[in-house]
Amino acid sequence: MKERSFVWKIVTIACAVLVPLLFALNAIQAARYLKVQSEVKSLERKQVELIEENKRLITDISLLSSGERIGKIAEEELGMRKAESEEIVRVEMRR
């Protein structure tokens, strides 16, 4: 009987210690989860910002590389013009 009483006391003490310990571990895990969740939301917002900036940059690239714009700059700022057919010289390279 004494052994049974001793084992029962050990089990009771273990439960008394483990239950609060498990609650503490649960609270720590919940805090870590909230922190990670906050980081994920922050990264998702940053991703949306970067995607929007990337779209703007792609639009800018297409505008800046348009043939009309390049032709206008070549004529107005650089004084270039389209070559006449008699001014074109073809060069053949042999290996």
Side-chain angles (χ1 to χ4, degrees):
M1 226 28 180
K2 278 189 170 184
E3 279 184 34
R4 192 176 229 183
S5 176
F6 179 73
V7 171
W8 183 249
K9 285 181 183 179
I10 295 291
V11 169
T12 305
I13 291 172
C15 287
V17 170
L18 287 178
V19 169
L21 180 64
L22 291 174
F23 280 131
L25 289 175
N26 187 34
I28 291 169
Q29 186 64 22
R32 288 177 55 199
Y33 174 79
L34 290 175
K35 180 181 175 188
V36 169
Q37 185 181 30
S38 173
E39 288 178 26
V40 167
K41 285 182 180 180
S42 173
L43 290 172
E44 286 174 344
R45 283 191 298 273
K46 182 68 173 175
Q47 181 183 26
V48 168
E49 291 173 12
L50 290 173
I51 288 171
E52 292 302 317
E53 181 181 359
N54 195 26
K55 287 178 184 178
R56 284 191 299 275
L57 291 172
I58 289 171
T59 302
D60 289 347
I61 288 171
S62 65
L63 290 173
L64 292 173
S65 63
S66 71
E68 290 178 18
R69 179 181 176 277
I70 293 173
K72 183 178 177 182
I73 291 172
E75 290 175 4
E76 294 176 3
E77 295 180 20
L78 301 175
M80 299 173 85
R81 62 174 176 76
K82 290 189 178 184
E84 300 293 330
S85 59
E86 61 268 0
E87 296 174 323
I88 297 174
V89 177
R90 301 216 183 265
V91 177
E92 254 185 63
M93 302 273 302
R94 293 185 186 167
R95 288 185 181 196

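Taking the side chain as every heavy atom from C-beta outward, Lys46 and Ser42 never approach each other to under 4.5 Å. Contact check for Glu53 versus Arg56: side-chain heavy atoms found under the 4.5 Å cut-off.
Contact record, Leu63 with Ser66: O-OG, 3.2 Å, taken as the closest heavy-atom pair. In plain terms, the two heavy atoms of Cys15 and Pro20 that are nearest each other are O-CD, 4.2 Å. A pairwise comparison of heavy atoms in Leu64 and Ile70 identifies O-CG1, 4.2 Å as the closest pair.
Glu44 has no carboxylate O lying under 4.0 Å from a charged side-chain N of Lys41, or vice versa, which leaves the two without a salt bridge.
Heavy-atom neighbours of Gln47 CD from other residues, nucleotides or ligands within 6.0 Å: at or below the threshold of 12. Within a 6.0 Å radius of CD in Glu87, more than 12 heavy atoms belonging to other residues, nucleotides or ligands are found. Applying the 6.0 Å contact sphere to CD of Glu92 captures no more than 12 heavy atoms from other residues, nucleotides or ligands.
Put simply, OG1 on Thr59 and CG on Asn54 are 9.5 Å apart, with the number rounded to the nearest 0.5 Å.
Ser38 contributes no side-chain N or O that, together with a main-chain N or O of Leu34, makes up a donor-acceptor pair within less than 3.5 Å.
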